[in-house]
Amino acid sequence: NREAITHFEVAFAGGAEPRGNILTALGDHHAALGERELAVARYEQARQIGGARGDTVRDAELELRIGACFARERQRNEAIGHLQSAWAGLPVHHPERWRAGLWLALQLASRGDYPESLAVLEEADAALGGSEPLAHLRIAYEMSGVRAMLGDWDDLERTATRVLREAGGDSDDALALRYDAHAVLGTLACRRGAFDLAGLHFRASRLLADQRGQAVDRATSDWNIAGNVLHPLGRWAEARATLAELAATAPRWLAAIARMLILWQDGRWEEAADVARRSWPDYERDSDLEVQIGFMKWMLDLGLAREGPQESLAWTQLVLDRIRARGAAGYAILLVPYEAAALVRQHDPRAREVLEAGLARADHLGARREVAMLLRIRALAHRESGNWSEAFADCDAAGGIL
């Protein structure tokens with residue numbers, strides 16, 4: 001990408017034509033390197049050239065690229081405006097219309113607008129007709145991802161496995177699809193406690209990110225390995241170098257969590273909590289439920305470690321209310337253990353109901369980590385009420401899973 005940028009800049013400076021295409025190519029290569037500001041600046045320059053000619057279709061094509069740049073950095077609000085313009089501006093049979101629908105649907109799903117997201121995906125699939133089987137596979141995969149947010153993890157696992165079986169070849173679309181499939185299979189493996197399998201999937205996604213030259217995807221894979229495999233296994237020294245690099249170079253939504261985790265590992269919990277409090281407004285402003293939940297889990301772990309159940313409960317309910325209002329059961333279960341822990345520590349009578357409902361849901365989803373967390377918390381509740389045999393049984397069960 002860097003070599004390509006050098007050649008295109010020389011060509012542009014020398015007056016080569018067509019200048020709009022050169023600017024678009026420059027934007028594409030900056031986007032691949034994760035240089036969003038430079039990419040968007042080049043796309044905007046290309047839009048000005050197209051606008052001078054009154055080329056509305058070209059303008060919509062560039063709106064798609066600009067929206068995708070913001071989406072890759074999970075700046076959902078900025079992304080949606082540009083992607084809606086692209087979706088509205090591209091003709092029905094334009095070859096990029098389905099992709100505009102795909103990107104738009106992903107942003108809508110990330111902020112919890114699931115019915116609207118599924119509707120856009122269905123329309124994008126219809127726009128493809130009978131052509132492009134890889135594009136149809138991509139849309140099927142993303143639809144299964146939306147259903148997973150609503151609580152159907154099994155469908156997502158089946159579709160991701162199908163992707164690895166059917167999405168062959170070295171086209172960028174095929175590589176990107178396999179990257180996503182490995183990433184999600186790694187995430188599901190983590191939730192089910194299969195950390196060795198998760199590590200294999202995350203390393204495969206990192207190789208695919210390198211093959212595509214996608215810096216943001218590479219950083220995400222590194223985070224998954226360090227934060228979601230090595231850290232929970234207690235292999236902190238192995239995670240440390242990667243976390244330090246992410247804290248210095250990753251997009252802000254990853255960098256803050258990496259900084260917080262390094263402080264955590266050093267036992268500097270108050271400093272970690274300060275990073276969390278200062279970073280939260282950025283996460284909240286972007287309306288990205290997935291990122292909010294990922295960040296919130298670390299905030300809540302910190303809060304409970306610092307013996308702050310009241311503060312933790314307030315944070316938990318802030319996000320859980322949003323998740324439950326959208327019916328996102330696949331997300332809610334990730335935070336329910338923290339809600340239960342805070343309620344138990346405050347001797348709140350609602351704790352028992354939250355624990356039993358959470359255990360039933362986590363068991364149904366196969367979320368083994370959450371089952372173990374809830375059992376451990378229920379053991380604390382049994383201890384508080386003097387039911388020692390039940391407390392020991394739950395501790396043994398949790399220990400067996402962990």
Side-chain angles (χ1 to χ4, degrees), residues 27-28 31-32 34 36-37 39-40 43-44 47 59-90 94 96-128 135 138-150 156 159 172-173 176-177 179-181 183-184 187 214-217 219-220 250-254 281-296 319 322-323 325-328 330-331:
D28 290 345
R36 190 255 309 160
E37 291 182 1
V40 169
Y43 292 143
E44 291 289 3
R47 281 185 68 192
D59 186 73
E61 291 170 350
L62 290 162
E63 283 277 56
L64 168 57
R65 284 174 159 83
I66 294 169
C69 277
F70 284 110
R72 288 189 187 99
E73 293 196 359
R74 299 182 181 240
Q75 296 186 43
R76 306 301 186 188
N77 294 334
E78 292 88 343
I80 285 174
H82 292 287
L83 292 168
Q84 285 174 330
S85 295
W87 181 237
L90 291 170
H94 189 282
E96 290 292 293
R97 179 171 166 77
W98 76 271
R99 202 181 301 276
L102 174 69
W103 276 108
L104 176 58
L106 293 175
Q107 311 322 300
L108 293 170
S110 290
R111 70 180 191 184
D113 298 334
Y114 303 125
E116 188 178 353
S117 173
L118 288 170
V120 172
L121 285 169
E122 288 172 0
E123 191 174 341
D125 195 52
L128 283 166
R138 161 62 79 177
I139 291 174
Y141 168 79
E142 297 301 351
M143 292 180 79
S144 73
V146 176
R147 288 191 284 268
M149 295 172 193
L150 295 169
L156 176 58
T159 309
D172 192 63
D173 282 342
L177 189 48
Y179 167 89
D180 286 345
V184 81
T187 300
Q214 292 289 341
V216 176
D217 287 348
T220 304
R252 61 187 176 83
W253 58 273
L254 274 181
D282 284 339
Y283 290 87
E284 189 173 31
R285 189 163 46 245
D286 286 343
S287 304
D288 186 323
L289 277 179
E290 183 180 0
V291 173
Q292 286 180 12
I293 290 162
F295 188 73
M296 181 63 69
V319 179
R322 299 174 189 175
I323 296 168
R326 292 167 170 84
Y331 277 166

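Scope of the values below: all heavy atoms of this structure, side chains included, with no hydrogens, waters or symmetry mates.
- Y114 has its side chain out of reach of L108: every pair of non-hydrogen atoms, C-beta onward, lies at least 4.5 Å apart.
- Distance CZ/R74 to CG/D282: 15.0 Å, rounded to 0.5 Å.
- Closest non-hydrogen pair, A71 versus R76, comes out as O-NH1, 3.4 Å.
- At distances below 3.5 Å, at least one donor-acceptor pair connects side-chain atoms of Q107 with backbone N or O atoms of W103.
- For the atom pair CG (L104) and CG (L64), the distance works out to 10.0 Å, reported to the nearest 0.5 Å.
- Residues meeting the salt bridge (charged side-chain N to carboxylate O under 4.0 Å, His left out) test with R99, sequence neighbours left out: E96, D173.
- Scanning for side chain to side chain donor-acceptor pair (under 3.5 Å) contacts around Y179 gives an empty result, with sequence neighbours left out.
- Every residue two or more places apart in sequence or in another chain that forms a side-chain contact (heavy atoms from CB on, under 4.5 Å) with A148 is listed here: W153, L156.
- Across A79 and G67, no two heavy atoms sit closer than the pair CB-O, 3.4 Å.
- In this structure, the side chains of I80 and F70 stay at 4.5 Å or more apart for every pair of heavy atoms.
- Contacts of Q214 classified as side chain to side chain donor-acceptor pair (under 3.5 Å), with partners at least two apart in sequence or in another chain: none.
- For A181, the side-chain contact (heavy atoms from CB on, under 4.5 Å) partners two or more places apart in sequence, or in a different chain, are A160, V163, L164.
- Salt bridge status for R72 with D217: absent, with no side-chain N to carboxylate O gap under 4.0 Å.
- A100 approaches L90 most closely through the heavy-atom pair CB-CD1, 3.9 Å.
- Listed by chain and residue number, H30, A31, Y43, C69 satisfy the side-chain contact (heavy atoms from CB on, under 4.5 Å) test with A39 (two or more places apart in sequence, or in another chain).
- Evaluation of the side-chain contact (heavy atoms from CB on, under 4.5 Å) rule for S85 yields E63 as partners, not counting sequence neighbours.
- In this structure, CD in Q292 is found 10.5 Å from OG in S110, a value given to the nearest 0.5 Å.
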- prompt: Which is it for D180 and R138 under the side chain to side chain contact (heavy atoms under 4.5 Å, CB included) test, yes or no, and what are the steps along the way?
  reply: CA-CA 10 Å; D180 286 345; R138 161 62 79 177; 2.7 Å; yes
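- Legend: residues meeting salt bridge (charged side-chain N to carboxylate O under 4.0 Å, His left out) with E44, ordered by chain and number and at least two apart, are R47.
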E73 vs R252, side chain to side chain contact (heavy atoms under 4.5 Å, CB included): CA-CA, chis, key distance, verdict: CA-CA 8 Å; E73 293 196 359; R252 61 187 176 83; 5.9 Å; no
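- A salt bridge does not link R65 to E61: none of the charged nitrogens lies less than 4.0 Å from a carboxylate oxygen.
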Do any side-chain atoms of residues 117-128 form donor-acceptor pairs under 3.5 angstrom with protein atoms, and if so which ones, sequence neighbours left out?
unit_1, atom_1, unit_2, atom_2, d
S117, OG, A105, O, 2.8
E123, OE2, R97, NH2, 3.1
D125, OD1, H136, ND1, 2.6

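- Residues I66 and E78 form no side-chain contact, since every pair of their non-hydrogen atoms from C-beta on lies 4.5 Å or further apart.
- Between A109 and V146 the shortest heavy-atom distance is CB-CG2, 4.0 Å.
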